[in-house]
A.B. asks: 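Below you will find the structure I want to go over with you.
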Number of protein chains: 4
Amino acid sequence: MGVISGSGGAPARSRALTRERLVASATTLFARHGVHAVTSHEIARSAGVAAGTFYLHFKDKQELFRKIVFEALASLKERLQKATAGGADPREVVRLRSAELLSFAEERRDLVRILFGRKGEAASLGADVLDELIRWVEADLRARAVSLEPAVAAQALVGMWARVLVWWAELPREVSRRNVLESLIQLQLSGVIED
Amino acid sequence: MGVISGSGGAPARSRALTRERLVASATTLFARHGVHAVTSHEIARSAGVAAGTFYLHFKDKQELFRKIVFEALASLKERLQKATAGGADPREVVRLRSAELLSFAEERRDLVRILFGRKGEAASLGADVLDELIRWVEADLRARAVSLEPAVAAQALVGMWARVLVWWAELPREVSRRNVLESLIQLQLSGVIED
Amino acid sequence: MGVISGSGGAPARSRALTRERLVASATTLFARHGVHAVTSHEIARSAGVAAGTFYLHFKDKQELFRKIVFEALASLKERLQKATAGGADPREVVRLRSAELLSFAEERRDLVRILFGRKGEAASLGADVLDELIRWVEADLRARAVSLEPAVAAQALVGMWARVLVWWAELPREVSRRNVLESLIQLQLSGVIED
Amino acid sequence: MGVISGSGGAPARSRALTRERLVASATTLFARHGVHAVTSHEIARSAGVAAGTFYLHFKDKQELFRKIVFEALASLKERLQKATAGGADPREVVRLRSAELLSFAEERRDLVRILFGRKGEAASLGADVLDELIRWVEADLRARAVSLEPAVAAQALVGMWARVLVWWAELPREVSRRNVLESLIQLQLSGVIED
DNA sequence: AATGAATGAGGGTTCATTCAT
DNA sequence: TATGAATGAACCCTCATTCAT
C-alpha cells in the first residue's frame, strides 16, 4: 500500500523524477538525523515510493549518501570559485569567499549540516570527504605562497569554516549577518594573509 | 572465596578495576572504529569480561561513550587552564595553549579522535558536545574583550583546533612539530588577538 | 515497421522468436547456476528483452523451468527409443541406449545438468520429475520380465545414468569415451563384481 | 514472545541442548522442504527459541546445512565400514553394505532425503558433497581391482544407491524389504540383464 | 507485443539489552 | 559481582510479479 501517493500508481512518474524525490527526501532526512538514524524505508516513504524502489535507483544507502555529499562538495567549490572569478586581490578573495560561504549556509542548510554538521557523518565515508576540500584549499594557499605551512593552514581554515557555517545554519540567531561576516573575514585576513 | 576480604575494600577495588578496563577498551575501540561500529560485546570481550558485565557498569553504550567524551573534554580543558595558569599576556596564552593542544594530540590520540575525529561521532550525543568547549572559549574571549564577535570566534577557534589536532594525531607526518606549532599560533595571533 | 507483414505471420514469428530466446537463455542460465540462483530479470536481459516481457510468455519462472525440464525429458526418451527402434536383443538394447545416453550428455550438457545435475533442482518441481523417466524404464523392465524387482531396478538404473551423465558432461575428462561406454554397459549387463 | 516454550525462559536450557534442538528441527525441516524453502526463523521457532538464537549457534543457514550434510555423510560411511569390518569376500561385502544402506534409509529417512533426496540440495554446497562419498567408493573399487573403470563405476554405484534409498525411505511400500534387498544386491553383483 | 518503473512481502542477519544462574 | 545464553525488534536488501504506457 502506497503510504503517501494515494492510489494513482507510480509508473506515471518518470524515473528521473522518482530519483530526484529520493535524493531530496534523503538530503532532508540525513541533515536532520544523520545517516545512521535514517532507514532506507523512511527515505522511500518520505519520497512517496515503495521500499524496494529505493534500490532501483541506488545500490544502497551508502551510495546515495556518498552522492549527496560529493555533489554538495562540488557545488560548494564551484560557488567559491565563481564568487572570486575575476578578483586577484587576496583580501578581496577572502571577503568574497566568506560572503559566499555564509550564503551557502543560508541557502543550503541541509547540505551544510550533512557536510560539516552535528552528526559529522560525512566523514564516515571511506576516507574523510572533507579531505577533498582541504586539498583544494591547500593548493590554493600554496599558490599564494603564504608564510604559513599550507598543510596546517588548510586544515585550520576548513575547520573554521565548518563550525561557523553549521553554527550559522542553525537559526534563530542573535548575531547579525554583518557581524558574522566581518568576524569571519577578519579571522582569515589577519591570520592567513601576508602583510 | 571471599575468605580474606580484609577491610571490605577488595571487592570494590575489583569492581573498579573491571570498570576501568571497560573504559580503556571502549576508548581504544571508539577511537579506532567509531561508536556505531563497536558493539557492547566487543568492548566486553576486549576488556576480558562477559557481555552482561558491561551493563553492570553502564546503563548502555551511549552512557559509556558520553562519559568518555566528557572526561576527555574535562581533561583537555584542565590541561589548557593549567598550561596558562600564571600568564596573562594574550600572545603568551595563545602560545602556551597551542603547545598544550599539540601535546594533547600526541599523548591522547584516541581521545582526540573521539572528540574531534573522522567519525565525528562525539556530536552524536544528544546535543553537540563540543558546545561545552565552545562556550568555554567564548567566555574566555569575552573576558578578553577582543574586537571580534566572540560567538563567531569561538566556533572558529574550536573548529580550527579540531581539524588541526585530528590531522596532527594521525602519523606519520612530513611537517615538523615546530612548523605546525608556529603556524597554529600565527593563525590565532594575527586573527584573534588585537593589534 | 510492420510495413511488409506478408501473410500476417510475421508478428507471430516475432513472438515465437522472443519466446525461443527466453527459453534458450533460461536453459543456459539454469544449467549454469540452478533455478534459485537465476532471476527472471537475468533471463530477460540475457535474452535481450525487457523484464516484463518474460511474463508475456510464461506464467512464472517455475512454469518456464518445468517446460524446459519436460521437453528435455521428452527429448531424452525419444532419443532412447529411436536408438533402439528395431533391435530386440536385450544386450544390444543396453549397448545402444548407453551410447545414446553418452551422446546426449555430450550434445546437451545444459539439459543433462538441469535434469540430473549438481543443483539437482529438477526435483524441486512439485513432484519428482524423474519419476516420469523412472516409470518409463520400469514399464520397459516389466515388459522384458527381468528377474529383478522392476520398481527397484528402475530407480537404480536412472540413478546410475544420472550420475554418470552429469559426471561425463563435465569436461575435461581423463577417461576415454570408449572406456566410459564399456563400463556403463558392463555395469548394466553384469553388475560391479567380477565372477 | 516465545512461541513454543511457553514462558519458562530458555536460559535454563544448556547451550548444547539448544544447539541440538536447532539441529534436529533443521534436519526435519530440510528433509521435508529443502534448504531454500526453510527460513532461519522457522528453524528457530520449531526449536522453541527466538530467531536470533539461531545465529548464536551457527554463522548462517548454510553453515548449519553443511554441518548436517557432512555429519550425515560421515555417519553413513562409518556404518558402511563397520558393517563390513571383518569380511573380505566381495560378494559378502556387497550383501552387507546393501543391507546396511537399507537400514540407514529406514532409520534416518530425514538424512537420506537431505543427502540424496528430492530437493537434491545437498549438492548446492560449494562443490558436490556426494563427491566425497564417490571418491571413497572409487578408492574402494580401485583397491578391489575390478575390471570396470573405477571412476565410472563409483559414479554409477552412488547414483544407484541414492535413488533406491530415497525411494525406499518414502513409505508406504508395496515391495517387501527382502525383495528390495535382493534386487539391490543382484544389481551390483551381476547387472540388470539376465544371462 | 513490448517496455521498464514500481511494488511490497519477506528473508537473512545483527546487536543492544535482559535475566536466571 | 559476574556470567553468557537468550531475546526480539529492526534493518537492509532481493526479486517475483504487475501494470500504465
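Any value given below was found using the heavy atoms of this structure, including those in side chains, with hydrogens, waters and symmetry copies removed. Order of the sequence lines fixes the chain letters, A, B, ..., with proteins taken first and strands second; residue numbering starts at 1 for each chain.
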A.B. asks: For the residue pair D:Arg15 and D:Leu56, what are the closest heavy atoms and their distance?
C.D. replies: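 Reported closest heavy-atom pair: NH2-O, 3.2 Å.
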A.B. asks: Are D:Leu111 and D:Ile68 packed together at the side-chain level, in the sense that at least one heavy-atom pair is separated by less than 4.5 angstrom?
C.D. replies: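 When only atoms from C-beta onward are counted, D:Ile68 and D:Leu111 do touch, with a gap below 4.5 Å.
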A.B. asks: Pairs in or reaching into residues 37-61 of chain C: which pass salt bridge (charged side-chain N to carboxylate O under 4.0 Å, His left out), with residues at least two apart or in two chains?
C.D. replies: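 Qualifying pairs, neighbours excluded: none.
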A.B. asks: Taking only heavy atoms on the protein side, list every residue of residues 51-58 of chain A lying under 4.0 Å from any atom of DNA chain E, sorted numerically.
C.D. replies: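 Residues of residues 51-58 of chain A that come under 4.0 Å of DNA chain E are, in numerical order, A:Gly52, A:Thr53, A:Leu56, A:His57.
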A.B. asks: Counting only pairs under 3.5 Å, give me each side-chain donor-acceptor contact of residues 19-31 of chain B, with atom names and distances, residues two or more places apart or in other chains.
C.D. replies:
{"unit_1": "B:Ser25", "atom_1": "OG", "unit_2": "B:Arg21", "atom_2": "O", "d": "3.1"}
{"unit_1": "B:Ser25", "atom_1": "OG", "unit_2": "B:Ser46", "atom_2": "O", "d": "3.4"}
{"unit_1": "B:Ser25", "atom_1": "OG", "unit_2": "B:Ser46", "atom_2": "OG", "d": "3.0"}
{"unit_1": "B:Ser25", "atom_1": "OG", "unit_2": "B:Ala47", "atom_2": "N", "d": "3.4"}
{"unit_1": "B:Thr27", "atom_1": "OG1", "unit_2": "B:Val23", "atom_2": "O", "d": "2.7"}
{"unit_1": "B:Thr28", "atom_1": "OG1", "unit_2": "B:Ala24", "atom_2": "O", "d": "3.1"}

A.B. asks: Could you state the atom-to-atom distance from NE2 of A:His41 to P of F:dC12 in whole Å?
C.D. replies: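 Rounded to whole Å, this separation is 8 Å.
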A.B. asks: How long is the line joining NE2 of A:His36 and C1' of E:dT14, in whole Å?
C.D. replies: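 Taking atom C1' of E:dT14 as the reference, NE2 of A:His36 is at 13 Å.
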A.B. asks: What heavy-atom pair brings D:Ala44 and D:Ala50 nearest, and what distance separates the two atoms?
C.D. replies: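 Reported closest heavy-atom pair: CB-O, 3.6 Å.
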A.B. asks: Write down the atom of B:Tyr55, the atom of B:Ser40, and the distance for their closest heavy-atom approach.
C.D. replies: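 Here B:Tyr55 and B:Ser40 meet closest at OH-OG, 3.6 Å.
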A.B. asks: Would you mind reading off the distance between A:Arg15 atom CZ and E:dT7 atom P, rounded to a whole angstrom?
C.D. replies: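 That distance rounds to 13 Å.
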A.B. asks: For B:Lys61 and E:dA16, give me the distance from atom NZ to atom P, rounded to whole Å.
C.D. replies: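 Atom-to-atom, B:Lys61 to E:dA16, this comes out as 4 Å.
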A.B. asks: For D:Leu64 and E:dG12, give me the distance from atom CG to atom P, rounded to whole Å.
C.D. replies: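 One finds 12 Å between P of E:dG12 and CG of D:Leu64, rounded.
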A.B. asks: For DNA chain E, please output the secondary structure as dot-bracket, reading 5' to 3'. Pairs are Watson-Crick or G-U wobble, both atom distances under 3.5 Å; mark crossing pairs with [ ], other-strand partners with |, unpaired with a dot.
C.D. replies: .||||||||||||||||||||
A.B. asks: Please figure out whether A:Asp60 or B:Gly48 has its closest DNA chain F nucleotide nearer the 5' end.
C.D. replies: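 Counting from the 5' end, the first nearest nucleotide belongs to B:Gly48.
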A.B. asks: Choosing from E:dT3, F:dA2, F:dG4, which nucleotide comes nearest the side chain of B:Ala50?
C.D. replies: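 Nucleotide nearest to B:Ala50's side chain: F:dG4.
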A.B. asks: Tell me every residue that passes side-chain contact (heavy atoms from CB on, under 4.5 Å) with A:Ser75, counting only those two or more places apart in sequence or in another chain.
C.D. replies: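 For A:Ser75, the residues satisfying side-chain contact (heavy atoms from CB on, under 4.5 Å) (neighbours in sequence not counted) are A:Arg79, A:Phe104.
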A.B. asks: Can you measure from CG (A:Leu64) to CZ (A:Arg66) and round to the nearest 0.5 angstrom?
C.D. replies: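 The CZ atom of A:Arg66 is 11.5 Å from CG of A:Leu64, to the nearest 0.5 Å.
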A.B. asks: Quick one: label A:Thr39 by what it contacts on the DNA or RNA (base, sugar-phosphate, nothing), any heavy atom closer than 4.0 Å.
C.D. replies: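 Sugar-phosphate only.
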A.B. asks: Can you list the residues that meet the side-chain contact (heavy atoms from CB on, under 4.5 Å) rule with D:Ala51, with sequence neighbours excluded?
C.D. replies: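 Partners of D:Ala51 by the side-chain contact (heavy atoms from CB on, under 4.5 Å) criterion, ordered by chain and then number, come out as D:His41.
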A.B. asks: To the nearest Å, give me how far apart CD (B:Gln62) and P (E:dT17) are.
C.D. replies: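 Checked: the CD to P distance equals 9 Å.
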A.B. asks: Could you give the CG-to-P distance, from D:Leu29 to E:dG11, as a whole number of Å?
C.D. replies: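 Answer to the nearest Å: 13 Å.
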A.B. asks: When you match B:Lys59 and D:Lys59 each to their closest nucleotide on DNA chain E, which lands nearer the 5' end?
C.D. replies: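 Closest to the 5' end, via its nearest nucleotide, is D:Lys59.
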A.B. asks: What's the CG-C1' distance between C:Leu17 and E:dA2, to the nearest Å?
C.D. replies: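 Rounded to whole Å, this separation is 14 Å.
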A.B. asks: Is the phosphate of F:dA6 approached by D:Thr18 (side-chain N or O, under 4.0 Å from OP1 or OP2)?
C.D. replies: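 So the side-chain polar atoms of D:Thr18 do come within 4.0 Å of the phosphate oxygens OP1 or OP2 of F:dA6, strictly under.
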